[in-house]
Amino acid sequence: MGNIYKALTIAGSDSGGGAGIQADLKTFHALGVFGMSALTAVTAQNTVGVQGVYPLSVEAVEKQIESIGTDLGTDAVKTGMLFSAEIIEAVANQVKHFRWSRLVVDPVMIAKGGEPLLQEEAVNALKKYLLPLAMVITPNIPEAEALTGMFIQTMDDRQKAAQRLYELGVKHVVIKGGHDDDGDEAVDLLFDGQEYSFFTNKRIETKHTHGTGCTFAAAITAELAKGKRVKDAVQTAKAFIQAAIEHELGIGHGHGPTNHWAYQQTQLS
Ligand SMILES: Nc1ncnc2c1ncn2[C@@H]1O[C@H](COP(=O)(O)OP(=O)(O)OP(=O)(O)O)[C@@H](O)[C@H]1O
Ligand SMILES: Cc1ncc(CO)c(N)n1
């Protein structure tokens, strides 16, 4: 057995298995990384929508992270649904305490169906406590708008928003283009404080995109855990999500989950 790479996800549970902690752990596993989790909230959720949100106490979140930090340690950390300002502050304190520098923040705010997964007043806590610690942030366009107060329509707007997020202390900003449904390409933008890189794939016509954001950020985290550079990690994540959407599973009655083992299969074939 060679090196064991480890990644920790701090996020909510999606009972339907397509997003949240379930998507993260499946993605870590598919990319050959040992996955660990600290749960922030339980959601009753499926492909149709979110039927309930049940946050855990701040203490429960802190204890889980402490259990991992004092024993196993981790090579990279991802945050997803954090629910409240109190949980955000506690997570930021733990990340600082354990000096975890490979931190990917997926600033999850609302589910595909519009149900809130982060309290509105917690957006400021994200900016104040967590973004300055992040190696990578992966907002979609509406999340980038909420974090910057900008209206983002063109690629030029996106580049300006990336610059603003960089100024909040994030080292690499990825603004995803899944929501930009103009045109036949899905383009993600990466800004590292100096140059802009574009990751482009054919847009796949499908309603089965539940958990795409979580899966993409988890793939970046897994690659960072292996010691990859951010640009290479984003490149792999883009290929991973493309395969996952392309080979969707067709399960559930609404927006179905993506296929977390498709990337591995395309690599083997
Ligand atoms: N229809 C599609 N075809 C190809 N790639 C897509 C498609 N939809 C999303 N993507 C890609 O999937 C990744 C996630 O982007 P997206 O903007 O959907 O995230 P998100 O809105 O945060 O997802 P979620 O709804 O899970 O929160 C990005 O790399 C994006 O380009
Ligand atoms: C638990 C959870 N986290 C994140 C998302 C965003 O896709 C979701 N739908 N559910």
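Every number for a ligand or one of its atoms is a count from 1 in the order of the listing.
A tilted orientation is assigned to the rings of Phe240 and Tyr263, their planes being inclined by 30° to 60°.
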What do the steps show when you test Leu82 against Val91 for side chain to side chain contact (heavy atoms under 4.5 Å, CB included), and what is the final call? CA-CA 9 Å; Leu82 295 174; Val91 167; 4.3 Å; yes

Determine, stepwise, if the pair Arg164 / Glu167 fulfils salt bridge (charged side-chain N to carboxylate O under 4.0 Å, His left out). CA-CA 5 Å; Arg164 276 207 206 165; Glu167 283 159 11; 6.0 Å; no

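When each atom of ligand 1 is checked for a heavy atom of Ala186 under 4.0 Å away, the hits are 4 (C), 5 (N), 6 (C), 31 (O). Using a 4.0 Å cut-off to heavy atoms of Lys176, the atoms of ligand 1 that qualify are 14 (C), 15 (O), 17 (O), 19 (O), 20 (P), 22 (O). Short contacts between ligand 1 and Ile204, defined as distances under 4.0 Å to a heavy atom of the residue, involve ligand atoms 1 (N), 2 (C), 3 (N), 4 (C). In summary, the atoms of ligand 2 found under 4.0 Å from a heavy atom of Cys214, numbered by their order in the structure, are 4 (C), 5 (C), 6 (C), 7 (O). Less than 4.0 angstrom separates some heavy atom of Val108 from each of these atoms of ligand 2: 4 (C). Near Gln242, with a cut-off below 4.0 Å to any heavy atom, the atoms of ligand 1 are 4 (C), 5 (N). Residue contact check: Asp188 has heavy atoms under 4.0 Å from atoms 28 (C), 29 (O), 30 (C), 31 (O) of ligand 1. Close contacts between ligand 1 and Gly211 involve ligand atoms 26 (O) [criterion: under 4.0 Å to a heavy atom]. Proximity to Ser13 (heavy-atom distance under 4.0 Å) selects the following atoms of ligand 2: 1 (C).
Atom OG1 of residue Thr212 and atom NE2 of residue His255 lie 11.0 Å apart, to the nearest 0.5 angstrom. Residue Ile241 holds its CD1 atom at 6.5 Å from NE2 of His260, rounded to the nearest 0.5 Å. Distance check: Leu190 CG to Lys176 NZ gives 13.5 Å after rounding to the nearest 0.5 Å.
Looking at Arg102 and Asp75, no side-chain N of the basic residue comes within less than 4.0 Å of a carboxylate O on the acidic one, giving no salt bridge. Ion pair Asp157/Lys160 not flagged as a salt bridge, since none of the NZ, NE, NH1 or NH2 atoms sits closer than 4.0 Å to an Asp/Glu carboxylate oxygen. A salt bridge links Glu195 with Lys231; the closest basic N to acidic carboxylate O contact falls under 4.0 Å.
Remark: ligand 1 and Asn140 share an N or O pair separated by less than 3.5 Å (distance only, no angle test). Between Lys238 and ligand 1, an N or O atom pair is found at a separation short of 3.5 Å. Residue-to-ligand polar distances keep Ile110 apart from ligand 1: every N/O pair is separated by 3.5 Å or more. For a threshold of 3.5 Å applied to N or O pairs, the pair formed by Gln45 and ligand 2 contains at least one separation below that value.
For residues 201-230, there are no ring pair (Phe, Tyr, Trp, His ring centres under 6.0 Å) pairs, not counting sequence neighbours.
Ranking the protein heavy atoms by distance from atom 25 (O) of ligand 1 puts Lys112 NZ, 2.6 Å first. For atom 23 (O) of ligand 1, the closest heavy atom belonging to the protein is Gly213 N, 3.0 Å. Looking only at heavy atoms of the protein, atom 12 (O) of ligand 1 is closest to Ile241 CG1, 3.6 Å. Nearest non-hydrogen protein atom to atom 5 (C) of ligand 2 is Leu117 CD1, 3.6 Å.
With a heavy-atom cut-off of 4.0 Å, Glu205 does not touch ligand 1 at all. Only the side chain of Ile245 comes within 4.0 Å of ligand 1, counting heavy atoms alone; its backbone N, CA, C and O stay farther away. Heavy atoms of Thr212 found under 4.0 angstrom from ligand 1 belong to the backbone as well as the side chain. For Lys202, every heavy-atom contact with ligand 1 shorter than 4.0 Å involves the backbone, none the side chain.
Remark: distances from the non-hydrogen atoms of Asn201 to ligand 1 are all 4.0 Å or more.
Within the set Gly113, Ala11, Gly12, the minimum heavy-atom distance to atom 1 (C) of ligand 2 is found for Gly12.
With 3.5 Å as the limit, one finds no donor-acceptor pair spanning the side chains of Asp24 and Thr27.
Screening Lys238, Lys228, Arg229 for a salt bridge (Lys or Arg N to Asp or Glu O under 4.0 Å) with Glu223, the sole residue that qualifies is Lys228.
Considering all non-hydrogen atoms of both residues, Ala19 and Gly211 come closest at CB-CA, 3.7 Å.
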Would you list the atom pairs, donor with acceptor, under 3.5 Å between side chains in residues 51-63 and any protein atom, with sequence neighbours excluded?
from  : atom 1 : to    : atom 2 : distance (Å)
Gln51 : NE2    : Asn46 : OD1    : 3.2
Gln51 : NE2    : Gly49 : O      : 3.2
Ser57 : OG     : Ala60 : N      : 3.0

